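Take a look at the structure set out below.
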Amino acid sequence: MTIRNLKKSKNIAFANSREIDVRPSGLVAFLAGGKAIGPNGGFARLLTFLSYVAVALIAVLLTLLVINLIPEPRVLRAIVPHRFDASDPQFHTSMSGYSQGQLSNSNAVQTLVNGDEIFPSMLQAIDAARSTIDMETYIYWSGAVGYRFATALAAKARDGVEVRVLVDWVGSLPFDEDLIRIMTRAGVAFERYRPVYWYTLDRVNNRTHRKLLIVDGRVAFTGGVGIADNWLGNARNPNEWRDTHYRVEGSVVSAFQAAFAENWLETTGETLQGEKFYLPPQPAGALSAQLILSSQPNGSENMQLMMLAAIAAAKDHLRIGMAYFVPDDIALQQILDARRRGVSVDVIVPSSLTDVPLARNSSRYFWGDLLRAGVRIFEFQPTMYHPKLLIVDDVWASFGSANLDERSLRLNDEATLNVYGKDFARTQIDLFNQDLQRSRQVSLDEWEARPLTEKITDWFASRLRSQL
């Protein structure tokens, strides 16, 4: 071809002595191995090419879905044997060792029941802050409670207090951006934990479920409560959720600070250090306590081992109060082993007023073996039941963000405080008994007489228990 003809053929190029139409339609045809796309057959080839792309994208999405739905292989494959009771000093030392939670003394823990007690105590601590406020939560939703906390945190930031707020990306989706602006414009460092991007889709299932508030490195809060209007009131009706939170002082507060610092470092790269975060030990009470953490991708077995070991140490009475009670096979066998040893077992769970019906369905599928073994199961009646409480005999109590389910024990970042001492355990038993008075016991006959549709629904839900 002459230079003159080449100029006239601006849309023609050469590859291996072949003429190629370099217009967009021609390139697509060349890549597909065909001729230039015309008005008829070429459009069909383009559709075929796009269908291949669609199939590839679907395959990628399905692969990511499978990666997220299949949990990591179990580290614990058998129950923890009963070797000593919870009152035995060996229980204390063993729990500290294999749960990686250092036991600290001279702590004080105040029990806060329902929103009427919980929110005022947390806001009072925020108002009294002089140096630092660090808050981490799964749920932070729009509404009156969210506004009150946003304005309180913003006010302290304007006063010169260092304020950091870390909320889970999934748990905080129903969040008004105006609340974020109230905080950030005042100087609050606000971050979302593990936001979802295309390159993080393989980790979308790993969330922080921790509920932590640490003020001046001196006082900490934990429990089941999120920052939302659902928890307002005193559990008098379905609009006022039943929950328990705890105000903690003493040397164990440093462990709370470290738990927050762990997730903050991952999110921002900032290292929190110095005495304004980690105060020298200051006696605040007579309680021994340890904070147990679970985290992904490493450390998730700590929480599960702690709970199984606690159940294994029960001698007389095991009390379980859980918002989401969906134990795996090993946890179920651990509870049944306690029954074989003659331990009384009482479990409080939500009724049909639960906020996650699928979790209730999945839980209910596994009740048969428990009920036949003599486990007493109660459904809390007035409203959604949201505590996470485990009491062993009359000497040990555990509470925080972790449920007795696979999501808490194998997927989420969680934080749970173990407290040793009869006086404190008695306060939790009294509270548990009050909830029993507002609950209805489920009998084996009732469970077996469930309508066929419910049995089928329960079975299907049980297949998803690793995600609930």
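Predicted model only: the values in this text are computed from it and were never measured.
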Taking the six-membered ring for Trp, are [X] and [Y] parallel (under 30°), tilted (30 to 60°) or perpendicular (over 60°)?
X	Y	answer
Trp396	Tyr420	perpendicular
Phe399	Tyr246	parallel
Tyr324	His386	perpendicular

Out of the candidates Gln304, Gln334, Arg465, only one should pair with Asp328 under the side chain to side chain donor-acceptor pair (under 3.5 Å) rule; please name it.
Gln304
Locate the shortest heavy-atom distance separating Val170 from Arg207; write the atom from each residue and the value.
CG2-NE, 3.6 Å
Under 6.0 Å between ring centres, would you say that holds for Phe190 and Tyr140?
no
Within residues 109-133 or reaching into it, pairs that qualify as salt bridge (Lys or Arg N to Asp or Glu O under 4.0 Å) - sequence neighbours excluded:
none
Selection residues 362-371 - residue pairs positive for salt bridge (Lys or Arg N to Asp or Glu O under 4.0 Å), sequence neighbours left out:
Arg364-Glu454, Arg364-Asp458, Asp369-Arg372
Carefully, step by step, assess Arg192 and Ser172 under the rule side chain to side chain donor-acceptor pair (under 3.5 Å).
CA-CA 8 Å; Arg192 281 192 165 99; Ser172 64; 3.2 Å; yes
Is it true that Glu414 and Lys388 make a salt bridge, defined as a side-chain N closer than 4.0 Å to a carboxylate O?
no
If you count every heavy atom of other residues, nucleotides or ligands that lies below 6.0 Å from Tyr278 atom OH, does the total exceed 12?
yes
Within the supplied structure, the quantity of interest is the number of heavy atoms (other residues, nucleotides, ligands) at a distance under 6.0 Å from Phe460 CZ; does it exceed 12?
no
Interatomic distance, Thr132 atom OG1 to Arg164 atom CZ [nearest 0.5 angstrom]:
7.0 Å
Distance-only donor-acceptor check, side chains [X] and [Y], under 3.5 Å:
X	Y	result
Gln257	Asp134	yes
His209	Lys211	yes
Ser398	Asn418	yes

Side-chain contact, heavy-atom cut-off 4.5 Å: Gln441 with Ile377?
no
Partners meeting salt bridge (charged side-chain N to carboxylate O under 4.0 Å, His left out) with Asp243 (sequence neighbours left out):
none
If you apply the rule side chain to side chain contact (heavy atoms under 4.5 Å, CB included), what do you find for Ser352 with Glu379, and how did you get there?
CA-CA 8 Å; Ser352 59; Glu379 292 187 329; over 6 Å; no
